[in-house]
Protein chains: 2
Amino acid sequence: MLSTHEAGGYHYRYPHPAVAADIAIFTVREGKLMLLLIKRLGSPFAGQWALPGGFLSMDEDLDSCARRELLEETGVDKAFLEHFGNFSAPDRDPRERVISVAYLALIGFDKLSPKAGSDAAEVGWFELSNLPALAFDHAKIIQAALKSLQSRVNDPAMLLHLVHERFTLSQLQQVYEIICSNAVDKRNFRARLLETGLIVETEEMERGAHRPARLYKRAGD
Amino acid sequence: MLSTHEAGGYHYRYPHPAVAADIAIFTVREGKLMLLLIKRLGSPFAGQWALPGGFLSMDEDLDSCARRELLEETGVDKAFLEHFGNFSAPDRDPRERVISVAYLALIGFDKLSPKAGSDAAEVGWFELSNLPALAFDHAKIIQAALKSLQSRVNDPAMLLHLVHERFTLSQLQQVYEIICSNAVDKRNFRARLLETGLIVETEEMERGAHRPARLYKRAGD
DNA sequence: CCAAAAGTGTTACTCGTACACCCATGT
DNA sequence: ACATGGGTGTACGAGTAACACTTTTGG
């Protein structure tokens, strides 16, 4: 049962799957729900797009692995990050047996460092409604990620991860409506949010083409 | 990256964890929430109690693995079975790195075959309020399982897996109250359940020491 | 002065909760 | 007859959903 490290390899009495954390990283930009994908360089599925992710190291748990991958791809270390499912069909990776532990991540588009990550692979944001062909079973994983996201849309703490540091209530409502894709009443939305106590108003205003909107921030600054 | 099968072992370029499905199998008997545990024969933790579970085979996915383990331990193949979390601390198993994919299972106590499973290990049902010392991090897994169970107590479809084929509304309510450990109003409980349409009344009555109670069954017979 | 988004309260309805008495059976 | 659990309806309150007009700025 124990592994031995000999001749640059690892040896086990019984077959072991590889275990990877894959992350569906969402953000909202210009009124669209966007997903981060990376372009695969090697085979299989070379040239196709896939979810960022990576194999579990022996000295970290799965949450740490996901957080590490998120940091590498986006430069963000403080973000909403949550497990939502495992994907384990025996043939989902043609190379070897790989168990994918899938995470949902949410970040505000402003928090991304411009040179996102140092991974050599090409990185791109895609509108969720216009995804390219995807490697492996990642299309299925994304569907499940979206479902998980939508099921939590009423959690204001989650929504707050998708807006900028300072935000207007309309922006927050827009994010809400993009996720669940139906409109809600402005007054009800605002009242519900303010009485959670999770956000506080600032003295700043956003200047736009029309009447300025008050900016809010998270209660914990 | 590929594995090779040579001299009775499996060889990988990078270290791989073992992956196991562990199952918290709950039932209700005599007004108590019970959990199935097995007594470990070998080391580590020999003689201590643990959750049933087993390693993932290369030809099955995780759900199938959990269902197989459930069948082996209880003789039940049609039961509520649902993933609720992964446990992946690097040192949770002293032998080697093991990722535990944890499942919640619910079965009616009547559906258990008497000679539950063919596994040689000793099997026992324990009151949740009176568990023995547990191997590995299984105490933590059980806490998480219970939390998951309680969070879904309002799903009538789930509750129905914990009662017999034919059941009285009082029995169902008792199960509800045991899980969330607080009392609810009889009339409200019954009304809510009946209007889901998930259960239908039968012509049978349960005869007891007092007024007979109507027996119900699942809507899909 | 016009267009565009910001901001603000009240009413109706739905759903959940609280509550008390009579009934059927076994002993 | 009595003890025990089975069975039933209504009223109130909380929370959710519907609804319209005024304000502020830029062009």
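Computed from a prediction, not measured in an experiment: that's the story for all the values here. Order of the sequence lines sets the chain letters (A, B, ...), proteins ahead of strands, with each chain counted from 1. Side chains are part of it too, since the values below use all heavy atoms of this structure and drop only hydrogens, waters and symmetry mates.
Applying the side-chain hydrogen bond (donor to acceptor under 3.5 Å, both in side chains) rule to A/Glu206 yields the partners A/Gln171; only residues at least two apart in sequence or on another chain are considered. In terms of the salt bridge (Lys or Arg N to Asp or Glu O under 4.0 Å) criterion, A/Glu165 has no residue partners (sequence neighbours excluded). For A/Ser181, the side-chain hydrogen bond (donor to acceptor under 3.5 Å, both in side chains) criterion is met by no residue, not counting sequence neighbours. A/Asp110 is linked by a side-chain hydrogen bond (donor to acceptor under 3.5 Å, both in side chains) to A/His164, counting only residues two or more places apart in sequence or in another chain. Evaluation of the side-chain hydrogen bond (donor to acceptor under 3.5 Å, both in side chains) rule for B/Asp63 yields B/Tyr103 as partners, not counting sequence neighbours.
Not one N or O on the side chain of B/Gln48 forms a donor-acceptor pair closer than 3.5 Å with the backbone of B/Phe45. Within the 3.5 Å criterion, the main-chain N or O of B/Phe84 finds no donor-acceptor partner in the side chain of B/Ser148. Remark: side-chain polar atoms of B/Thr27 are paired, donor with acceptor, to backbone N or O of B/Ile107 under 3.5 angstrom.
Rounded to an integer number of Å, the gap from CD of B/Glu206 to C1' of D/dG6 is 11 Å.
Once you apply a 4.0 Å limit to the heavy atoms of chain A, the touched nucleotides of DNA chain C run 5' to 3' over C/dA3 to C/dG9.
Taking every heavy atom of residues 157-173 of chain B and every atom of DNA chain C, no pair lies under 4.0 Å. A heavy atom closer than 4.0 Å to some atom of DNA chain C occurs in B/Asp185, B/Arg187, B/Asn188, these being the qualifying members of residues 182-205 of chain B.
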Please tabulate, one pair per line, each protein N/O and nucleotide N/O from nucleotides 24-27 of chain D that are separated by under 3.5 Å, including the distance.
{"residue": "D/dG26", "atom": "OP1", "partner": "A/Arg207", "partner atom": "NH2", "Å": "3.2"}
{"residue": "D/dG26", "atom": "O4'", "partner": "A/Ala209", "partner atom": "O", "Å": "2.6"}

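When B/Leu149, B/Ile179, B/Val175 are each tested for a side-chain contact (heavy atoms from CB on, under 4.5 Å) with B/Leu106, only one passes: B/Leu149.
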Do any side-chain atoms of residues 208-218 of chain B form donor-acceptor pairs under 3.5 angstrom with protein atoms, and if so which ones, sequence neighbours left out?
{"residue": "B/Arg214", "atom": "NH1", "partner": "B/Thr202", "partner atom": "O", "Å": "2.7"}
{"residue": "B/Lys217", "atom": "NZ", "partner": "B/Asp221", "partner atom": "OD1", "Å": "3.3"}
{"residue": "B/Arg218", "atom": "NH2", "partner": "B/Leu160", "partner atom": "O", "Å": "2.8"}

Show which side-chain atoms of residues 184-200 of chain A pair as donor or acceptor with protein atoms under 3.5 Å away, not counting sequence neighbours.
{"residue": "A/Asp185", "atom": "OD2", "partner": "A/Arg187", "partner atom": "N", "Å": "3.0"}
{"residue": "A/Asp185", "atom": "OD2", "partner": "A/Asn188", "partner atom": "N", "Å": "3.0"}
{"residue": "A/Thr196", "atom": "OG1", "partner": "A/Leu193", "partner atom": "O", "Å": "2.6"}
{"residue": "A/Thr196", "atom": "OG1", "partner": "A/Leu198", "partner atom": "N", "Å": "3.1"}

Please tabulate, for the side chains in residues 133-145 of chain A, all donor-acceptor contacts under 3.5 angstrom to protein atoms that are two or more places apart in sequence or on a different chain.
{"residue": "A/Asp137", "atom": "OD1", "partner": "A/Arg92", "partner atom": "NE", "Å": "3.2"}
{"residue": "A/Asp137", "atom": "OD1", "partner": "A/Arg92", "partner atom": "NH2", "Å": "2.9"}
{"residue": "A/Asp137", "atom": "OD2", "partner": "A/Arg92", "partner atom": "NE", "Å": "2.8"}
{"residue": "A/His138", "atom": "ND1", "partner": "A/Leu51", "partner atom": "N", "Å": "3.0"}

